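Worksheet: the structure to be examined is printed underneath.
All residue numbers refer to positions in the sequence shown, counting from 1. Atoms considered below: every heavy atom in the structure, side chains included; atoms not considered: hydrogens, waters and symmetry mates. Every value quoted in this text rests on a predicted model; they were computed, and no experiment measured them.
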Amino acid sequence: MEVHMGRFPMDRAEAEKLRAKTGASRMIYSIRSFVEKQALWAWGDEEGTLFMQDAQGTNVLPVWPDPLLAEIECAGPSGEAPVEVSLERFLEVWLPQLEVDSEGIAIFPVDDRIAVSMTTAEFRAKVFAAGRRADEVGP
């Protein structure tokens, strides 16, 4: 099965369709997108990135599969913007730091509702599994 993530960057209509999906659907879309694009987006500025708390009170870093989705969720007059992070850098640098700080990852939050909150180990496992499936399908 070929995974096609749509146009990149996506348009507003496509973004709104994705935002309307269930949390589980947004999580599946996001993981596949991270692997296909080899990138993800956080929100922040040169001083740092935005964090939120999940239902268990854990600090989590929200990430999105497209900069427009991050912008729709977070845009305001603060001077912050979507922060693109290569998937390789996220796995090698950001995840270990999140783990040291006992922080998790919030996948594709919409209206402050987190689709899925996961540990760094869960995120790594899902990304590697999605990458293996993509490799099995081939180009």
Side-chain angles (χ1 to χ4, degrees):
M1 168 177 36
E2 182 178 336
V3 176
H4 177 68
M5 304 315 298
R7 291 180 301 278
F8 176 72
M10 70 178 51
D11 63 32
R12 184 74 180 214
E14 185 179 359
E16 291 302 337
K17 283 182 190 175
L18 286 170
R19 287 172 47 82
K21 292 189 176 286
T22 66
S25 294
R26 292 193 323 269
M27 187 274 298
I28 291 166
Y29 175 88
S30 295
I31 297 295
R32 289 178 177 167
S33 177
F34 300 155
V35 170
E36 183 177 284
K37 295 176 182 176
Q38 289 295 296
L40 53 81
W41 285 262
W43 187 260
D45 58 22
E46 61 278 346
E47 294 180 20
T49 53
L50 169 80
F51 277 79
M52 53 194 318
Q53 285 194 335
D54 67 10
Q56 291 73 39
T58 301
N59 284 338
V60 290
L61 174 69
V63 294
W64 292 268
D66 190 272
L68 179 58
L69 294 165
E71 189 173 308
I72 291 170
E73 183 65 21
C74 300
S78 67
E80 296 175 337
V83 176
E84 182 176 356
V85 183
S86 75
L87 184 59
E88 180 179 11
R89 181 163 177 77
F90 193 79
L91 293 171
E92 293 177 3
V93 177
W94 290 48
L95 278 189
Q97 186 60 52
L98 290 169
E99 196 164 35
V100 165
D101 295 340
S102 299
E103 295 169 327
I105 301 160
I107 305 293
F108 193 165
V110 170
D111 298 329
D112 291 326
R113 291 186 326 272
I114 298 169
V116 173
S117 176
M118 60 182 66
T119 67
T120 57
E122 292 167 330
F123 180 86
R124 186 178 283 111
K126 288 197 180 295
V127 166
F128 286 143
R132 281 194 305 273
R133 283 191 297 277
D135 288 344
E136 290 169 3
V137 173

Asp66 and its salt bridge (Lys or Arg N to Asp or Glu O under 4.0 Å) partner, picked from Arg12, Lys37, Arg19: Lys37
Closest contact, heavy atoms only, Thr49 versus Ala42: CG2-CB, 4.3 Å
Value rounded to 0.5 Å, distance of CG in Asp54 from CG in Asn59: 8.5 Å
Val63 vs Ile107 side-chain heavy atoms within contact, under 4.5 Å: yes
is_close_aromatic(Phe90, Phe34), centroid dist under 6.0 Å: no
Separation between CG of Leu87 and CD of Glu36, rounded to the nearest 0.5 Å: 12.5 Å
Leu68 to Met10 - nearest heavy-atom pair and separation: CD2-O, 3.5 Å
Nearest-0.5 Å distance that lies between atom OG1 in Thr22 and atom CD1 in Ile28: 7.5 Å
Reported CE-to-CD1 distance for the pair Met27 and Ile105, which is rounded to 0.5 angstrom: 12.0 Å
Heavy-atom pair with the smallest gap, counting every atom of Pro82 and Trp41: CB-CD1, 4.0 Å
Main-chain N/O of Thr58 paired with Glu103 side-chain donor or acceptor, under 3.5 Å: no
Exam field: side chain Asp45 to backbone Glu47, donor-acceptor pair closer than 3.5 Å: yes
For the student: nearest non-hydrogen atoms of Val35 and Val127, plus distance: CG2-O, 3.6 Å
Nearest heavy atoms of Val83 and Gly44, plus distance in Å: CG2-N, 3.6 Å
Shortest non-hydrogen contact between Pro62 and Pro109, atoms and distance: CB-CG, 3.6 Å
Short side-chain to backbone donor-acceptor contact, Glu71 and Ala81, under 3.5 Å: no
Glu92 side chain vs Arg89 backbone, donor-acceptor pair below 3.5 Å: no
Rounded distance [0.5 Å steps], CH2 in Trp94 versus CG in Leu61: 6.0 Å
